[in-house]
Amino acid sequence: RDTLSFLSKTHKTKMTKKHYVFYNSIEKPEIRKDTIIAGIDQSYSHTAITIGRKDKILAVKTIQTTPTKPIELRAIDIRDFILTALKEYQVQHVIIEGLAFSSNQASAKQLAGLLFIIISSLYDNHYQYSIIPPSELKKHATNKGNADKVEMIEAIPKETIQTLETLSNKKSTQKLFYDISDSYHL
């Protein structure tokens, strides 16, 4: 409630429960079976989005940006890519991976900036969203809070892996599939 009040006072519009961020497993939004959900695993190098309902995957979208482009322009490209996909599939709820602790402070700051740009855009476009910490995501998927990328893929049923491969046009053995796996689990 305090966060909601603070954000309402600091933003032009009144912040409502629709915009509220659910950070952990204690308080989660109610998501119906027919709700269209997008799971986003974001990074500057490769962002993956899995879109679907609880019972069906509708789309897998990915974007890669090049390190030779200024970081600000890469962030804008990623933001625009995400918003286009959400609008195209009429997504009703977005689940995005939160930040992990990093020993590389420069990288952590850049990823924090990307996360802020994305959630600000979600807020401005009236999307309900949740931010899930990486350890919580891994624990949910594998029952292990420190699971590695291979274990995250192994936690996906075989028929679902085939669907993800088909929709993304990427093989589960490719490194880029790690991000798709995380977006699926979100």
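Just so it is clear, the model here is predicted, and its values are computed rather than measured.
Q42 places a side-chain N or O within donor-acceptor distance of the main-chain N or O of E97, the cut-off being under 3.5 Å. At least one donor-acceptor pair under 3.5 Å links the side chain of E165 to the backbone N or O of S172. Remark: side-chain polar atoms of D148 are paired, donor with acceptor, to backbone N or O of V150 under 3.5 angstrom. Put simply, the side chain of Y184 never gets that close to the backbone of T160: no donor and acceptor are under 3.5 Å apart. Under the 3.5 Å distance criterion, the side-chain polar atoms of H93 are left unmatched by any main-chain donor or acceptor of T35.
Using a 4.5 Å cut-off between side-chain heavy atoms of Ile, Leu, Val, Met, Phe, Trp and Tyr, with links allowed through other members, I119 and L99 fall into the same hydrophobic cluster. Hydrophobic cluster membership is shared by L83 and Y89, with clusters built from Ile, Leu, Val, Met, Phe, Trp and Tyr side chains linked at under 4.5 angstrom. In the hydrophobic clustering of this structure, L111 groups with F81; members are Ile, Leu, Val, Met, Phe, Trp, Tyr whose side-chain heavy atoms approach within less than 4.5 Å, directly or through other members. Linking ILVMFWY residues whenever their side-chain heavy atoms come closer than 4.5 Å, directly or via other members, places I63 and V91 in the same cluster.
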So L122 and L86, side-chain contact (heavy atoms from CB on, under 4.5 Å) or not? Walk me through it.
CA-CA 10 Å; L122 295 174; L86 299 180; 3.5 Å; yes
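Closest non-hydrogen pair, S181 versus I156, comes out as OG-CD1, 3.6 Å. The nearest pair of heavy atoms linking S183 to A48 is CB-O, 3.5 Å. Of all the heavy atoms in T142 and A155, the pair that sits closest is CG2-CB, 3.9 Å.
The local environment of NZ in K149 is crowded, with over 12 non-hydrogen atoms from other residues, nucleotides or ligands closer than 6.0 Å. Within a 6.0 Å sphere centred on NZ of K170, other residues, nucleotides and ligands contribute more than 12 heavy atoms. Atom CG of D55 is surrounded by more than 12 heavy atoms from other residues, nucleotides or ligands within 6.0 Å.
Within the 4.5 Å cutoff, the side chain of T50 has no heavy atoms near those of the L186 side chain. Counting only heavy atoms from C-beta outward, the side chains of T62 and D179 never approach each other to under 4.5 Å. Looking only at side-chain heavy atoms (C-beta outward), I82 and R79 stay at 4.5 Å or farther from each other. In this structure, the side chains of R53 and I36 come closer than 4.5 Å at one or more pairs of heavy atoms. In this structure, the side chains of M152 and K138 come closer than 4.5 Å at one or more pairs of heavy atoms. Counting heavy atoms from C-beta on, the side chains of Q64 and L176 come closer than 4.5 Å. The side-chain heavy atoms of H46 and F177, taken from C-beta on, include no pair separated by under 4.5 Å. You'll find the side chain of K61 stays beyond 4.5 Å of the side chain of T84, heavy atoms only.
Atom CG of D41 sits about 13.0 Å away from atom CD1 of I132, to the nearest 0.5 Å. To the nearest 0.5 Å, the span separating CG on L114 from CD1 on I78 amounts to 5.0 Å.
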